[in-house]
Undergrad: 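Below is one structure. I have some questions about it.
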Amino acid sequence: MRPGNTKAIEEMFNSISSKYDFLNDIFSFGLHRFWKSRLLDILNPISGEKWIDICCGTGDMSILLARYMKNSENIIGIDSASQSLLIARERSKQNYSSIEWINGDALEINLASHQFDGLLMAYGLRNLSNYNLGLREAFRILKPGGRAGILDFRSFEGFSIQGLFQKIYLSFYVVPIASLFGLGKEYSYIKKSLVNFPSGEKQIHLALSAGFKKAKYKTLAMGQMGILLLEA
């Protein structure tokens, strides 16, 4: 599978959707929940604001956002993988039924400009076929002064101990465990997707080029994860 092949990525996420959350807990030792909560702590969403979760997958970030704001109204989750959205709708219908789930493309969001106070993207930017276009769409739908947080694996340039650890972790922990569930090929994609993924400094440059007024990059998980923080 070639990183950036939008249809192939959509099909991959549809195929792993039923095991996605379970495997995330195994691969991150449950820490992905902490990293997502940390993202919300930094952005501090306020009840009454309108937020969108791009590449929402099975909806865990959108639901965490609703819990954080103690209100599921004015939250939209959007993803191109229909099977993932089915899981999101099911898991939200009892306590977070006001979340609106949209099957759509992060590169061409069919929503009006300048309407959201905040935007989230957890492990989505890396999977877009065009990072710049994805950031431009994010900027377009945010209100002036709106804020965004993008959480993903950190990309390393050149040799580093952290980069070496990441390669070992993906090759000798993630892929073998995924293979036990018949998903080794699908999860080997993570390593491939990081090959051309821009570093934190390059993400900042792309975001500013896309129109954002402010951009900074913070690392988490001993430098293995990164958060791109933006202001429109």
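Values reported hereafter were calculated over all heavy atoms of this structure, with side chains retained and with hydrogens, waters and symmetry mates removed.
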Undergrad: State whether the side chain of R126 and the backbone N or O of S193 hold a donor-acceptor pair below 3.5 Å, judged by distance alone.
TA: no
Undergrad: Can you run down the salt bridge (Lys or Arg N to Asp or Glu O under 4.0 Å) pairs that involve residues 58-87, sequence neighbours left out, and say none if there aren't any?
TA: K36-D60
Undergrad: Are the aromatic ring centres of Y123 and F13 under 6.0 angstrom apart?
TA: no
Undergrad: Suppose we screen for salt bridge (Lys or Arg N to Asp or Glu O under 4.0 Å). Which residues come up paired with K93, at least two apart in sequence or across chains?
TA: E90
Undergrad: Is the backbone of R154 close enough, under 3.5 Å, to the side chain of Q166 for a donor and an acceptor to pair up by distance?
TA: yes
Undergrad: When you measure from the side chain of N103 to the backbone N and O of S80, does any donor-acceptor pair fall under 3.5 Å?
TA: yes
Undergrad: Are F139 and L135 close enough that some pair of their side-chain heavy atoms sits under 4.5 Å apart?
TA: no
Undergrad: What do you reckon, is CG of N110 surrounded by more than 12 foreign heavy atoms closer than 6.0 Å?
TA: no
Undergrad: Look up atom CG in L229 and atom CG in L39, then write down how far apart they are to the nearest 0.5 Å.
TA: 7.0 Å
Undergrad: Only distances under 3.5 Å count here; give the side-chain donor-acceptor pairs of residues 42-50 to other protein atoms, sequence neighbours excluded, each with its distance to 0.1 Å.
TA:
unit_1 : atom_1 : unit_2 : atom_2 : d
E49    : OE1    : I46    : N      : 3.0
E49    : OE1    : W51    : NE1    : 3.0
E49    : OE1    : R147   : NH2    : 2.9
E49    : OE2    : R147   : NH1    : 3.2
E49    : OE2    : R147   : NH2    : 3.2
K50    : NZ     : Q115   : OE1    : 2.5

Undergrad: Is the centre of the Y169 ring less than 6.0 Å from the centre of the F27 ring?
TA: no
Undergrad: Would you say W35 and S28 are linked by a side-chain donor-acceptor pair, where the criterion is simply a distance under 3.5 Å?
TA: no
